[in-house]
Participant: 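Mind having a look at this structure? Questions to follow.
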Amino acid sequence: MQESHAQPEADLEFECIVRGGNVVTPSGTRVTDIGIIGESIAAIGSNLVPAAKTRIIDASGHHVLPGALDVHVHLELPFCGTVSSDDYRTGTRAAARGGVTPLIDFAIPYAGDSLAQAADNWMAKADGKALIDYTFHICVTRYDEHKDQIRGMVDRGFTTFKEFMIYESEGWQSDDRALFGTLEKMKEYGTMLLVHAESSRVLDELIARNHTPELMKEYGARLHRMTRPNFIESEAVQRVVTWCEATGGQLYIVHMSTGEGADIVKAAQSRGVPVVAETCAQYLVLDDSVFDREDGHLFACCPQLKKPEDVARLWEGLRDGEVSVISTDTCTFTREQKSMWAGDWTKIPMGMPGLETLLPVTYTHGVLKNRISLDEMCMKLSTNPAKIMGLYPRKGSIEVGSDADLAIIHPERTMKVDCETMETNADWSPFEGWELAGFARTTLSRGEVIVDDYAVVGTEGRGKWLSRTKAGLQ
Ligand SMILES: [Zn+2]
């Protein structure tokens, strides 16, 4: 990183100076200033000199972090017989308040749609509503139809693709042939495949065996955890890692929730297999005992929450490196939507709100509990996702030349999670009532203040689509 002192920036006329915060940079964390011109960081150094019209943002006594990237988000997604209730307006407002500056959603083709149509559909959802920058992973749901469209999507600026090993009934499922063939293409194009790894045939069998009125009456939402033992995830992770190793195509395991998954990824990485893994904030702070609660069905997500041992193993993986990214898999459903289950766990809309609490949960339960350092947190929330998703150095780091995307947080001040006061459309939170530090006092997106004094002040529709030319750790 370029450390800037006296003379070069003496001539620079900053539009904004972020003054005196504890700034996390690639070369270390220290109290310094950040000078911004236009949309970018122009200087980092002590005692930057303001011009007459320079806006000063006092960050003293605060941490200044690169804006978090949430690279696993579903906004306004038709799913489980309904549509997820955060759209680009509420979803990106929630993101901003949580210090998230870009997000990546998944463009999933509707029946009969091409990959290009899927991207167009998601562009239309974001248009005029997004407060922060965004792009999409392109979902390959019908391999034979879509395989020859992948190259065109790369040329259009999309470098990450997604396949699901489950969701046959949604029409999204990819079989081994599709996974293998798509990974070959990823190798050829230098792009990356994201995979939802769960073992569908055995999962379907376990669901079918338990889908009886008697068992549902007895166990309710607990059947969600009972029908998804850890091997449902680990077998699928192992299988797709095998295809990754065989083809050399870059693979990214989304929302990894098991300790076994972390073991498999670690072993593969040690053999030089091009695989990386993501987990989500909820898998780091919750376990499947929530299904014993009266409102346990609210916590149904896919994959579901696992055991305390898995939680501990995922934190270890973050420290050791086999878990590279923390995201949210935000897919918000209200209490009313969740109530569609009516006692049948297979009908619960699966997903949780998360964008607004990603940074606060990770900061409070990771950094303040000494599980990871502040710098490590910024690697997992900002720098690694930016690098892996092909957005670095524009996003994900506080460096001269990068976009001025910043989250300024108080080191200790907590706020109680209360869905009434939050930006998300959810009328519940998995973290309801929790005292969390790390909500953004100030969020900047490309140099513009979009959250000030913990309140959203930015204009909807200002967020831009981010074009990419690469992906992965190549
Ligand atoms: Zn997802």
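Both ligands and their constituent atoms are indexed starting at 1 by order of listing.
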Participant: Could I get the full list of ring-ring contact (aromatic ring centres under 6.0 Å, His included) partners for F79, not counting sequence neighbours?
Facilitator: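 Scan of F79 (ring-ring contact (aromatic ring centres under 6.0 Å, His included), adjacent residues dropped) gives Y167, W172.
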
Participant: Listing by chain and number, what protein N/O/S atoms are under 2.8 Å from the Zn ion (ligand 1)?
Facilitator: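 Near the Zn ion (ligand 1), the protein supplies H72 NE2, H74 NE2, D329 OD1.
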
Participant: How about E163 and H196: does a side-chain donor come under 3.5 Å of a side-chain acceptor?
Facilitator: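 There is no such pair (donor and acceptor under 3.5 Å, judged by atom type) between the side chains of E163 and H196.
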
Participant: Using the ring of each side chain (for Trp, its six-membered ring), is W341 parallel, tilted or perpendicular to H297, with breaks at 30° and 60°?
Facilitator: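 Parallel: the ring planes of W341 and H297 meet at under 30°.
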
Participant: Determine whether the aromatic ring centres of W122 and Y110 lie less than 6.0 Å apart.
Facilitator: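 Yes.
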
Participant: Take the angle between the ring planes of F136 and F158 and call it parallel below 30°, perpendicular above 60°, tilted in between.
Facilitator: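 Correct class here is parallel.
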
Participant: Less than 4.0 Å between a side-chain N and a carboxylate O, is that true for D176 and R239?
Facilitator: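 D176 and R239: salt-bridged.
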
